[in-house]
Asks: 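Please find one structure pasted underneath; my questions will follow.
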Amino acid sequence: SSEHRSRMKPKRSCVSSRCHTNGQNGRPTATVFRIDELLWEVLDKLAYKYPGVVFNTSIEVRSEEQHLLETDNFRELVGTALLNLIDNAIKFSSATSATITLTQDQGRAVVIVRDDGPGIPDADREKIFDLFFRGPSVRHIPGHGVGLSLTRQIMELAGIRLEIDSDARGTEVRVRF
């Protein structure tokens, strides 16, 4: 019936000139988008925030693997998570650059974010996803300890795997779609 279809239709609401599509019960609705296009949008926002920072960016996906760059997921949320990860790479790095690589591994798109900061101390590694956690070595850097907690929740909702490796030479985050 048309009444049933209209109830199932996602609601649209515009907030500050951006429209968000919400499914039933206010939950986000997945849409098809290209990961590389979203990544460029995120980098544009961060280039505005950090005008002196160099984003060393590479896309290492062969033309016959271009289909791996398309995903059906929560575009705005995934964009927020990527922004948080790259923002952290800049904030916690000792240099004014970050390396972002879009590649593929085992038939899946992977975004790799690397920095050359001091790394995450072993004692803090289990806590970095805790809401409001700020390690003693980074308390002098502006922030509230919300970014990685939010990012982890978004990745879990989106079914995206998040891996973090860190040592004294820096931190590498892998986002596996």
Side-chain angles (χ1 to χ4, degrees), residues 10-51 53-59 61 68-93 97-104 108-115 117 120 124-125 127-135 138 141-166 170-177:
K11 299 176 201 169
R12 290 184 92 63
S13 64
C14 291
V15 179
S16 67
S17 79
R18 291 173 61 175
C19 289
H20 301 281
T21 302
N22 295 323
Q24 287 184 322
N25 302 323
R27 292 192 176 147
T29 302
T31 58
V32 176
F33 63 92
R34 284 186 55 103
I35 299 164
D36 53 338
E37 292 172 1
L38 179 61
L39 189 56
W40 287 120
E41 289 177 27
V42 166
L43 290 172
D44 282 345
K45 289 177 186 176
L46 289 167
Y48 182 78
K49 181 177 180 180
Y50 299 108
V53 170
V54 175
F55 297 94
N56 301 305
T57 309
S58 65
I59 298 178
V61 178
L68 298 176
L69 300 179
E70 198 168 272
T71 186
D72 187 3
N73 217 314
F74 308 110
R75 188 179 197 287
E76 291 292 323
L77 293 175
V78 172
T80 297
L82 289 172
L83 188 129
N84 283 338
L85 293 171
I86 300 169
D87 187 63
N88 277 359
I90 297 302
K91 282 197 314 191
F92 300 108
S93 180
S97 69
T99 302
I100 298 94
T101 306
L102 177 55
T103 188
Q104 69 84 29
R108 301 190 80 129
V110 181
V111 175
I112 303 168
V113 179
R114 285 188 200 99
D115 69 47
I120 302 166
D124 295 347
R125 287 200 189 144
K127 301 172 194 166
I128 61 171
F129 294 108
D130 292 352
L131 187 58
F132 305 122
F133 176 76
R134 307 251 317 141
V138 296
I141 298 171
H144 302 287
V146 175
L148 282 179
S149 177
L150 175 65
T151 296
R152 179 185 222 175
Q153 289 179 13
I154 290 170
M155 295 303 181
E156 286 176 359
L157 174 70
I160 298 171
R161 199 162 127 200
L162 186 63
E163 303 166 347
I164 298 181
D165 292 317
S166 189
T171 300
E172 178 179 287
V173 178
R174 291 179 169 262
V175 179
R176 296 184 179 274
F177 286 82

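It should be emphasised that the depicted structure is a prediction, and the values quoted were computed from it without experimental measurement.
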Asks: What heavy-atom pair brings G79 and L38 nearest, and what distance separates the two atoms?
Replies: N-CD2, 3.7 Å
Asks: From D115 CG over to S166 OG, what is the distance, rounded to the nearest 0.5 angstrom?
Replies: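 It comes to 7.5 Å.
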Asks: Exactly one of V78, V61, N73, L102 should register a side chain to side chain contact (heavy atoms under 4.5 Å, CB included) with I35. Which one does?
Replies: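 The option that passes is L102.
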Asks: As an exercise, state the distance from CG of L148 to CG of N88, rounded to the nearest 0.5 Å.
Replies: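 Taking CG in L148 and CG in N88, the distance rounds to 5.0 Å.
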Asks: Give a yes or no answer on whether the side chain of D165 reaches the backbone of E172 with a donor-acceptor pair at less than 3.5 Å.
Replies: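 Looks like no, no N/O pair under 3.5 Å.
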Asks: Determine, stepwise, if the pair L46 / V53 fulfils side chain to side chain contact (heavy atoms under 4.5 Å, CB included).
Replies: CA-CA 9 Å; L46 289 167; V53 170; over 6 Å; no
Asks: Is there a side-chain contact between T57 and T99 (heavy atoms, below 4.5 Å)?
Replies: no
Asks: Only one of L39, T103, D36 clears side chain to side chain contact (heavy atoms under 4.5 Å, CB included) with I59; which?
Replies: D36
Asks: Between CZ of F74 and OG1 of T31, what distance do you get to the nearest 0.5 Å?
Replies: 9.0 Å
Asks: Where do L68 and A109 come nearest, in terms of heavy atoms and distance?
Replies: O-CB, 3.4 Å
Asks: Rounded to the nearest 0.5 Å, what's the gap from CG on L82 to CG on L77? Could you check?
Replies: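 Answer for the CG-CG pair, L82 versus L77, is 11.0 Å.
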Asks: How would you list, by chain and number, every residue that makes a salt bridge (charged side-chain N to carboxylate O under 4.0 Å, His left out) with E41, sequence neighbours excluded?
Replies: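 Applying salt bridge (charged side-chain N to carboxylate O under 4.0 Å, His left out) to E41 gives R75.
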Asks: Closest heavy-atom contact between P28 and L157?
Replies: CG-CD2, 4.1 Å
Asks: So V110 and F177, do their side chains get closer than 4.5 Å, heavy atoms only?
Replies: no
Asks: Considering all heavy atoms of both residues, which atom of R176 and which atom of I160 are nearest to each other, and what is their separation?
Replies: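 It is O-CG2, 3.3 Å.
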Asks: Given side chains that start at C-beta, do those of V175 and L162 come closer than 4.5 Å, heavy atoms only?
Replies: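 Counting from C-beta outward, V175 and L162 do come under 4.5 Å.
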Asks: To the nearest 0.5 Å, what is the distance between OH (Y50) and NZ (K91)?
Replies: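 Taking OH in Y50 and NZ in K91, the distance rounds to 6.0 Å.
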Asks: So, do T101 and R114 sit near enough that their side-chain heavy atoms are less than 4.5 Å apart?
Replies: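 They are in contact (side-chain heavy atoms under 4.5 Å apart), so the answer is yes.
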Asks: Do you know which of I86, I164, V111 makes side chain to side chain contact (heavy atoms under 4.5 Å, CB included) with V173?
Replies: I164
Asks: Could you pull out the closest heavy-atom pair between I90 and A98, with the gap in Å?
Replies: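 Scanning both residues completely, I find the closest heavy atoms to be CD1-CB, 3.6 Å.
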Asks: What are the two closest heavy atoms between I100 and F55, and how far apart are they?
Replies: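 Heavy-atom minimum between the residues: CD1-CD2, 3.9 Å.
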Asks: Report, as yes or no, whether the 6.0 Å neighbourhood of atom CZ on R108 holds more than 12 heavy atoms from other residues, nucleotides or ligands.
Replies: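 Result for CZ/R108: open.
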